[in-house]
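Shown next, in structure tokens, is the structure this report addresses.
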Amino acid sequence: MVIAIIRHEHLQAVQDVLDECGVSGVTVTEVKGCGAQRGYTERYRGTSVNISLRPRLKVEAVMRQEIVPVVVDKMAGAARTGESGEVGDGKIFVIDVEDAVRIRTGEHGAATVQHQQREMWGH
Ligand SMILES: Nc1ncnc2c1ncn2[C@@H]1O[C@H](COP(=O)(O)OP(=O)(O)OP(=O)(O)O)[C@@H](O)[C@H]1O
Ligand SMILES: [Mg+2]
């Protein structure tokens with residue numbers, strides 16, 4: 001599974017990469033976070049509030065292991081601001097997934113996360 005934390009404006013380009021590579025699904029969640037620049041907390045009405053967490057999108061896509069390096073490189077290109085990138089452009093994490101099941105059919109494994117035919121691409 002490739003997990004990318006990206007800026008909202010790069011979502012379409014990142015989804016285009018997944019389509020190009022035949023990845024058959026994606027989950028996108030609105031998140032807040034900070035990176036190396038760190039957040040800091042302030043007291044607000046008696047509770048401590050982190051005022052520098054920035055809104056980002058978390059894009060999660062499970063795919064065949066063989067295509068992960070290519071997808072990660074393409075995603076990084078798609079989510080980079082301008083030619084050389086900007087602070088806060090995000091991160092990509094890769095984690096192992098033990099199995100996947102398509103609920104409709106009960107099938108397991110790689111077939112559940114890969115588009116077979118081009119007509120089936122897109123979300
Ligand atoms: N180590 C991490 N663990 C979990 N999420 C992270 C991590 N680093 C970054 N993120 C997420 O990615 C978002 C963007 O991070 P960001 O691009 O600022 O990383 P960075 O390491 O500070 O790199 P840069 O110096 O380019 O800004 C954060 O808001 C956070 O949601
Ligand atoms: Mg940062």
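Order of appearance sets the numbers: ligands from 1, and atoms from 1 within every ligand.
- When all heavy atoms of G25 and A61 are compared, the pair lying nearest together is O-CB, 3.9 Å.
- The minimum heavy-atom distance linking I92 with A76 is given by the pair CD1-N, 3.7 Å.
- Where the criterion is an N or O separation shorter than 3.5 Å, residue side chain and backbone included, V87 fails it with respect to ligand 1.
- What sits closest to atom 4 (C) of ligand 1 on the protein, heavy atoms only, is F93 CZ, 3.7 Å.
- Scanning the protein heavy atoms around atom 31 (O) of ligand 1, the nearest turns out to be G33 CA, 3.3 Å.
- Closest approach of V17 to A78, counting heavy atoms only: CG2-CB, 3.9 Å.
- Annotation: atom 13 (C) of ligand 1 to nearest protein heavy atom, I5 CG2, 3.6 Å.
- Here the NE2-CZ distance, from H10 to R80, works out to 10.0 Å after rounding to the nearest 0.5 Å.
- Ligand 1 places these atoms under 4.0 Å from at least one heavy atom of A36: 20 (P), 21 (O), 22 (O).
- Against a heavy-atom cut-off of under 4.0 Å, D89 is close to the following atoms of ligand 1: 17 (O).
- Residue E60 holds its CD atom at 7.5 Å from CD1 of I95, rounded to the nearest 0.5 Å.
- For atom 17 (O) of ligand 1, the closest non-hydrogen atom of the protein is G90 N, 2.7 Å.
- Here is the list of ligand 1 atoms found below 4.0 Å of a heavy atom in G88: 16 (P), 17 (O), 18 (O), 24 (P), 26 (O), 27 (O).
- Counting heavy atoms from C-beta on, the side chains of C21 and K74 come closer than 4.5 Å.
- Between T112 and V101, every side-chain heavy-atom pair lies at or beyond the 4.5 Å cut-off.
- R56 pairs with exactly one of R7, K32, K91 by the side-chain contact (heavy atoms from CB on, under 4.5 Å) rule, that one being R7.
- Rounding to the nearest 0.5 Å gives a distance of 13.0 Å between CG of D89 and CD1 of I5.
- Sorted by chain and number, the protein atoms of type N, O or S within less than 2.8 Å of the Mg ion (ligand 2) are Q37 OE1.
- When only modelled atom types and interatomic distance are considered, Q15 and D19 share no side-chain donor-acceptor pair under 3.5 Å.
- The protein non-hydrogen atom at the shortest distance from atom 25 (O) of ligand 1 is Q37 NE2, 3.3 Å.
- Distance check on atom 22 (O) of ligand 1: some protein heavy atom falls below the 4.0 Å cut-off.
- Only one option out of V14, I6, V31 pairs with L57 in a side-chain contact (heavy atoms from CB on, under 4.5 Å); it is I6.
- Per-residue contacts place K91 under 4.0 angstrom from the following atoms of ligand 1 (heavy atoms of the residue considered): 7 (C), 8 (N), 9 (C), 19 (O), 20 (P), 21 (O).
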